[in-house]
Amino acid sequence: FIIGGGAKDGLFYALIVNVNAQYSAKCMARLSRMTSRWLQNYGFSIGISDVTPSENLLKEKQRIVDEGYKACDEYIEQFKADKLEASPGSTVEQ
């Protein structure tokens, strides 16, 4: 059961359908105030380790970037050798 998110099976949608939009908006405001108060009282923090990419992610990113550079280098070599085929509606230079 989802609170919101625009889903048709969510709480706020059910309130709109079964009560009215104004009541649903009041519930949204109350929930917003309640969660804000909870965060003030109990806190919420995130550290640098929470947003630092893992070693696996960095390796995968580098692999994808390297593949992209390799593909671009191949296109450049094909262009220099006059073997690059133009895409429909474009010239080779484009």
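Since the model is a prediction, treat every value here as computed from it, not as a measurement.
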Report task. Would you mind listing the cluster partners of I76? Hydrophobic ones only (ILVMFWY), side-chain contacts under 4.5 Å, chaining allowed. Result -> none
Query raised in the report: Rounded to the nearest 0.5 Å, what separation is found between the CG atom of L15 and the CG atom of L11?
Result: 4.5 Å
Report task. Would you mind checking if E55 and K59 are paired as a salt bridge, meaning a charged N to carboxylate O distance below 4.0 Å? Result -> no
Query raised in the report: Quick check: are there more than 12 heavy atoms from other residues, nucleotides or ligands sitting under 6.0 Å from CZ of R37?
Result: no
Requested in this report: Taking all heavy atoms of S24 and all of F12, pick out the closest pair and write down the distance.
Outcome: OG-O, 3.2 Å
Requested in this report: Each residue besides Y69 in its hydrophobic cluster should be listed here, by chain and number; the cluster joins Ile, Leu, Val, Met, Phe, Trp and Tyr at side-chain heavy-atom distances under 4.5 Å.
Outcome: V65
Query raised in the report: According to a 4.5 Å side-chain heavy-atom criterion applied to Ile, Leu, Val, Met, Phe, Trp and Tyr, with indirect links allowed, do L57 and I64 form part of one hydrophobic cluster?
Result: no
Query - hydrophobic_cluster_shared for F44 and L31, side chain cutoff 4.5 Å - result: no
**Report entry** Separation of E74 CD from L84 CG (nearest 0.5 Å)
**Finding:** 11.5 Å
Report summary line: Here the gap from I16 atom CD1 to Q22 atom CD, rounded to the nearest 0.5 Å, amounts to 9.5 Å
Requested in this report: Write out all pairs satisfying salt bridge (charged side-chain N to carboxylate O under 4.0 Å, His left out) with one or both partners inside residues 80-92, taking only residues at least two apart or from two chains.
Outcome: none
Query raised in the report: If you round to the nearest 0.5 Å, how far is CD of Q78 from CG of D73?
Result: 11.5 Å
Query raised in the report: Can you name the closest pair of heavy atoms from I48 and T52 and give their distance?
Result: O-OG1, 2.6 Å
Report task. Show your working on side chain to side chain contact (heavy atoms under 4.5 Å, CB included) between S36 and Q40 and close with a plain yes or no. Result -> CA-CA 6 Å; S36 177; Q40 288 174 355; 3.9 Å; yes
Query - Side-chain donor/acceptor of D50 to backbone N/O of G47, under 3.5 Å - result: yes
Query - Approximate separation, where rounding is to 0.5 Å, of K26 NZ and R30 CZ - result: 7.0 Å
Query raised in the report: Would you say Y75 and F79 are hydrophobically clustered, going by side-chain heavy atoms of ILVMFWY under 4.5 Å?
Result: yes
**Report entry** Donor-acceptor pair between E60 and N56 side chains, under 3.5 angstrom
**Finding:** no
Report summary line: Closest non-hydrogen contact found for L58 with P53 is CD2-CG, 3.7 Å
